[in-house]
Each structure stands twice: as structure tokens, then as C-alpha cells.
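For reference, the structure is listed below as C-alpha cells.
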Amino acid sequence: SNSALNGSCALLPRRRADWIEKQLRWLGRAAGEARDLDVMIERLNDRADADRFQPLVERLRTRRAVAQQPIVALYRKLRKRNFPRRVKRLLAKIHAPRHGREATFLAWARLGLSRNVEAFFAAGADDMNDIAALHQFRIEGKQLRYAMEYFGAAFGPEVREQLYPEIERVQGLLGMVNDHASALEYVEARRADGDDEDVAVLLESLIVDERAGLD
């Protein structure tokens, strides 16, 4: 992941690592719409009145098939560029820190984790009533969770047994907010495209529900 690359940046050849990181960012962006549609379809199918929303689910599945195409195209592009081999070559180039000083994993972990902790609390100091600020807070929380997984073995059990579950809980709540906000944005954008009156009624009903859930 990008978090692992960032955590090991001083041990990797920068140009090779930058190229890998760029491909991972593109892959994440390409998969964004498909992921949002997967979440919406799953949530609609989990509703007590799921049968009522099946016409909308079918529309979403059609869009999901279209959203898959950029992912497949990027996958083929990466295969053509020998992405797995490039990753192996990157790992083979791991070296000692350039500053030449002897460093323990604990010292390395303290430095790496502290950056994510600072970014997390800085994001949490923003207005939590603002959806954009909450989204950024969620991103920083995700990076912190990855960093705790990456560096956690350097610390005592309280990091894994007490702090990590709390970060997961926060991320779960922020994920719910994000899912409601993403669904609301997506459905409101699709409302103007509707040519089926029955689907339009379902969209309006879903907007009401998503707004209530987001609040």
C-alpha cells in the first residue's frame, strides 16, 4: 500500500518507489466509483423493503458494469508494464538508510507513526460538522490505521489491544458518514437524469432516507 511505501521511503530508491506509488493512486481513483456503487447496492439489498428498490438496484448494476471498465483497462496496462516484476525489483533494492546511522525498528516506528498521529489530530481539530472536514479526518484515520499495522510490532501490546480497536471504531463511524454522504451526492446527481417515473420516485425516497441517515 501507499502507507507501506511512505513508511519505508528512506529505504527505497525514490524514482522506483514514486512510480509504484503513482500507479497505486491511479488504481484507487479508478476503483472509487465502483466501490461507491457496490456499497449502495449492498445497502439497498439489506433494506427491509429491498424488493421495492430492485428497479433502482438494476440501474446501479448497469452503471457498476460501466465503472468496472477503467479498472480493467488499468489492470491490463499494469500487466503490460510488468507491474509485478517492477514490485519485485523495488523490493530487491531495499537498502540501509542513506544517513548511514544505525537505527532500530523502534526508532524508525516512532518517527513514522508520529507523523500520522499528528496529521490525524490536526484533521480532527477542524469543524466536524463539515462533511469535507469529516472526509479528510477519515482519510487521515485510515492512514493512521495502516501505519499502526505497519509499525505496531515495535510497541507494546496496548497499541494493538487498546488503541488500534479505538481507531477502528472511529473509522467505522466515519465510514458510515462517508457512505451516506457519497450515496446522497450520487443519487442527487442521478435524479436529473431519470426518465423512468418509478425510478424517480425511488430516488426521491432514497434522498430523504440518506439525508436522515447522514444527520
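No experiment lies behind these values; they were computed from the predicted model shown. Residue indices begin at 1 and follow the sequence shown. Only this structure's heavy atoms are used, side chains among them; waters, hydrogens and symmetry mates stay out.
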- [ ] Could you tell me which non-hydrogen atom of I71 sits nearest to which non-hydrogen atom of A31, and how far apart they are?
- [x] CD1-CA, 3.7 Å
Open item on the list: Tell me if the CD atom of E168 is crowded by more than 12 foreign heavy atoms within 6.0 Å.
Closed with: yes
TODO: Spell out, as yes or no, whether a donor-acceptor pair under 3.5 Å connects the side chain of R160 to the backbone of G152.
DONE: yes
TODO: Determine whether R79 and R76 make a side-chain contact, defined as any pair of heavy atoms from C-beta on separated by less than 4.5 Å.
DONE: no
Open item on the list: Please report the interatomic distance CD1(I207) to CD(E204), rounded to the nearest 0.5 Å.
Closed with: 4.5 Å
- [ ] Please check if F105 and V117 belong to a single hydrophobic cluster, counting links between Ile, Leu, Val, Met, Phe, Trp and Tyr side chain heavy atoms closer than 4.5 Å.
- [x] yes
Open item on the list: Under 4.5 Å between side-chain heavy atoms, counting indirect links through other Ile/Leu/Val/Met/Phe/Trp/Tyr residues: same cluster for M176 and L174 or not?
Closed with: no
TODO: Decide whether I139 and I167 are clustered together by the hydrophobic rule: side chain heavy atoms of Ile, Leu, Val, Met, Phe, Trp, Tyr closer than 4.5 Å, transitively.
DONE: no
Open item on the list: If the test is salt bridge (charged side-chain N to carboxylate O under 4.0 Å, His left out), which one of R43, R138, R35 qualifies with D179?
Closed with: R35
TODO: Grab the two heavy atoms, one from R89 and one from R16, that are nearest each other, plus how far apart they are.
DONE: CB-NH1, 3.7 Å
Open item on the list: If we ignore hydrogens and angles and just use 3.5 Å, is the side chain of N45 paired with the main-chain N or O of I41 as donor and acceptor?
Closed with: yes
TODO: Report the distance from atom CZ of R64 to atom CG of D36, rounding to the nearest 0.5 Å.
DONE: 10.5 Å
Task: Within 6.0 angstrom of R211 CZ, more than 12 heavy atoms from elsewhere - done: yes
TODO: Kindly indicate whether the side chain of D209, heavy atoms from C-beta on, has any atom under 4.5 Å from the side chain of R47.
DONE: yes
Task: Whether over 12 other heavy atoms sit under 6.0 Å from M128 CE - done: yes
- [ ] Give the intermediate values and the outcome of side-chain contact (heavy atoms from CB on, under 4.5 Å) for residues W108 and F151.
- [x] CA-CA 8 Å; W108 189 265; F151 293 119; 3.5 Å; yes
TODO: Please check if atom CD in E149 has more than 12 non-hydrogen atoms from other residues, nucleotides or ligands closer than 6.0 Å.
DONE: yes
Open item on the list: How close do A109 and A154 get, counting heavy atoms only, and between which atoms?
Closed with: CB-CB, 3.6 Å
Open item on the list: Suppose we screen for side-chain contact (heavy atoms from CB on, under 4.5 Å). Which residues come up paired with V66, at least two apart in sequence or across chains?
Closed with: none
Open item on the list: Test: side-chain hydrogen bond (donor to acceptor under 3.5 Å, both in side chains). Region: residues 118-132. Which pairs qualify, not counting sequence neighbours?
Closed with: none
Task: Distance (rounded to the nearest 0.5 Å) between R29 CZ and L24 CG - done: 11.5 Å
TODO: State, with a plain yes or no, whether a side-chain heavy atom of P55 is found less than 4.5 Å away from one of L202.
DONE: yes
Open item on the list: Are the side chains of W19 and L90 in contact, using a 4.5 Å heavy-atom criterion?
Closed with: no
Open item on the list: Contact between V187 and M40 at the side-chain level, heavy atoms closer than 4.5 Å - yes or no?
Closed with: yes
- [ ] Enter the distance from N116:CG to R145:CZ here, rounded to the nearest 0.5 Å.
- [x] 12.0 Å
Open item on the list: F155 vs L113, test: side-chain contact (heavy atoms from CB on, under 4.5 Å). Steps then yes/no.
Closed with: CA-CA 11 Å; F155 303 100; L113 190 58; 3.6 Å; yes
- [ ] Decide yes or no for E33 and L37: does some side-chain heavy atom of the first lie under 4.5 Å from some side-chain heavy atom of the second?
- [x] yes
Task: Same apolar cluster (I L V M F W Y, side chains within < 4.5 Å links), L111/M148 - done: no
TODO: Indicate, with yes or no, if I20 and L74 share a hydrophobic cluster defined by side-chain heavy-atom contacts under 4.5 Å among Ile, Leu, Val, Met, Phe, Trp and Tyr.
DONE: yes
Open item on the list: So which atom in E166 and which in Q162 form the shortest heavy-atom distance, rounded to 0.1 Å?
Closed with: CG-O, 3.5 Å
- [ ] Indicate whether any N or O donor in one side chain lies under 3.5 Å from an N or O acceptor in the other, for R63 and Y186.
- [x] yes
Open item on the list: Taking the side chain as everything from C-beta on, heavy atoms only, tell me whether N178 gets closer than 4.5 Å to I131.
Closed with: no
Open item on the list: Using a 3.5 Å distance criterion without hydrogens, assess whether the side chain of S205 forms a donor-acceptor pair with backbone atoms of V201.
Closed with: no
Open item on the list: Just so I know, are the side chains of Y164 and V159 near enough to count as touching, which here means a heavy-atom distance under 4.5 Å?
Closed with: no
Open item on the list: Hydrogens and angles aside, do Q136 and E140 bring a side-chain donor and acceptor to less than 3.5 Å of each other?
Closed with: yes
Open item on the list: Would you compute the distance between atom CG of D46 and atom CD of E42 and round it to the nearest 0.5 angstrom?
Closed with: 5.5 Å
- [ ] Verify the ring-centre separation between F120 and F137: is it less than 6.0 angstrom?
- [x] yes
Task: Rounded distance [0.5 Å steps], NZ in K77 versus NZ in K80 - done: 10.0 Å
